[in-house]
Amino acid sequence: MRIRIVDAFTDRPFAGNPAGVLLLDAFPDDDRLQQVALEVNHAETAFAHRLPAGGEADWALRWFTPATEVAMCGHATLATAHVLHTTGAHEGPVRFATRSGVLVASPAADGSITLDFPTAPLTPVDAPTGVAEALGAEPRAVLDTGPNLGDLLVEVADEKTVRALTPDHRALAAHSERGIIATARAEDPARGYDYVSRCFFPNVGIDEDPVTGSAHTALAPYWSGLLGRPDLTGLQASPRSGRVRTELRGERTLLGGRAVTVIEGELLA
């Protein structure tokens, strides 16, 4: 098995969100996939294999954290599309068959890739008891993001608050299926982004995810509604950092970014 480590939602190595990518002839059993993902030990490892021609999708795609399989992952999808296009394994838009339906990744001439994902349904909810203490900030608004994500989207006071968060990850785990997306309006949009976020996913073995494409399917409709524009740029303010271009199209959200392959090798076990 050839294995690649790709940094997604960045145009330079050692930034953005790293993902393992393996192109296979077929999926082995789930235990094998989980073992490989644990060995890679990044937020997600993507496994893909080609599907027969003429169907609704070109490749089957699954994503695993070191602890579990997940229903949706943006950065590992971007990383997989990047590998397919840079190795010549696929040309043009690629359709992935996933647990979240068919997801399309379209390359552009400048090397960027745009993902077409379902928009997360947002439902305002009361802040759960203890979530402010666990997060370390008082929520201004709390929204459920629906079954594909399983997160709580929490707006806090400002960008400085988002950047300063030091949450109690164990306590956060009690408040959602996957985790918490903390967000705020950008302090200075002239810096090239409209909102900031950080993502904490203790329930899938990720205390803080560096750059989360799937979270932006909730961030895009939330901030587009508040800012009155369908096209925005989000900055995920983790230590590695990364930017995600978002375009809200009703029930679909387009996520744009770049990726860089940093490691390529052979899985021997």
Side-chain angles (χ1 to χ4, degrees), residues 6-19 21 43-44 46 48 58-59 61 63 72-86 90-96 98 100-120 122 145 148-149 153 181 183 185-186 189-199 209-238 240-262:
V6 178
D7 290 343
F9 291 114
T10 183
D11 59 0
R12 57 188 175 87
F14 315 123
N17 200 353
V21 178
E44 265 87 15
D58 307 301
W59 290 74
L61 177 62
W63 314 279
M72 181 185 290
C73 179
H75 85 277
T77 304
L78 181 67
T80 304
H82 169 79
V83 169
L84 291 175
H85 295 131
T86 56
H90 190 94
E91 295 184 0
V94 55
R95 301 168 298 168
F96 293 112
T98 78
S100 296
V102 176
L103 307 177
V104 180
S106 301
D110 64 0
S112 65
I113 294 172
T114 298
L115 308 178
D116 184 337
F117 271 42
T119 301
L122 300 180
T145 61
N148 278 347
L149 298 189
L153 176 63
I181 306 166
T183 188
R185 190 187 301 252
R191 294 176 180 172
Y193 55 91
D194 301 289
Y195 57 90
V196 296
S197 65
R198 289 174 67 191
C199 294
D209 198 31
V211 190
T212 313
S214 62
H216 286 75
T217 66
L219 290 162
Y222 184 70
W223 286 111
S224 288
L226 290 178
L227 300 177
R229 306 198 316 275
D231 297 350
L232 300 172
T233 297
L235 173 72
Q236 195 153 329
S238 68
R240 290 177 64 102
S241 189
R243 299 190 184 203
V244 182
R245 299 189 316 276
T246 61
E247 180 181 342
L248 185 63
R249 291 188 175 180
E251 295 184 355
R252 308 296 295 184
T253 294
L254 303 185
L255 310 173
R258 296 175 177 271
V260 181
T261 301
V262 292

Minimum heavy-atom distance between T212 and H216, given as atom pair plus value: O-ND1, 2.8 Å
Side-chain touch D116/S106, heavy atoms, less than 4.5 angstrom: no
S241: partners by side chain to side chain donor-acceptor pair (under 3.5 Å), with sequence neighbours left out: none
Note, D231 side chain near R229 side chain (heavy atom, < 4.5 Å): no
R249: side chain to side chain donor-acceptor pair (under 3.5 Å) partners, not counting sequence neighbours: E247
Euclidean distance, R258 CZ relative to S112 OG, rounded to 0.5 Å: 5.0 Å
Partners meeting side chain to side chain contact (heavy atoms under 4.5 Å, CB included) with T233 (sequence neighbours left out): Y193, D194, R243, R245
OH-CG distance between Y222 and L227, expressed to the nearest 0.5 angstrom: 10.0 Å
Backbone of E91 reached by a side-chain donor or acceptor of H85 within 3.5 Å: no
Result of checking L84, V104, L103, I113 against V94 for side chain to side chain contact (heavy atoms under 4.5 Å, CB included): L84
Side-chain heavy atoms of T145 within contact of L122, under 4.5 Å: yes
Stepwise side-chain hydrogen bond (donor to acceptor under 3.5 Å, both in side chains) check, H82 with T261: CA-CA 8 Å; H82 169 79; T261 301; 3.1 Å; yes
Beyond-backbone contact of L254 with L115, side-chain heavy atoms, under 4.5 angstrom: no
Set of side chain to side chain contact (heavy atoms under 4.5 Å, CB included) partners for S100, sequence neighbours left out: A71, M72, T98, N148
Shortest non-hydrogen separation from P107 to A105 and the atoms involved: CD-O, 3.9 Å
Pairwise distance CZ(R185) to CG(L226) - rounded to 0.5 angstrom: 6.5 Å
Inter-residue atom distance L149.CG - C199.SG, 0.5 Å rounding: 9.5 Å
Between T253 and T119: side-chain donor-acceptor atoms closer than 3.5 Å: yes
Closest non-hydrogen atom pair, F14 against V262: N-CG1, 4.5 Å
Shortest non-hydrogen contact between T77 and F117, atoms and distance: OG1-CZ, 3.8 Å
Which atom of L153 lies closest to which atom of A218, heavy atoms considered: CD2-O, 4.1 Å
Closest approach of H75 to E44 (non-hydrogen atoms, all atoms of both residues): CE1-OE1, 3.1 Å
Student check: side-chain heavy atoms of L219 and I181 closer than 4.5 Å: yes
Pairing residues for T183 by the side chain to side chain donor-acceptor pair (under 3.5 Å) criterion, not counting sequence neighbours: W223
Residue list, side chain to side chain contact (heavy atoms under 4.5 Å, CB included) with R240, at least two apart or on another chain: D7, P18, P210, S238
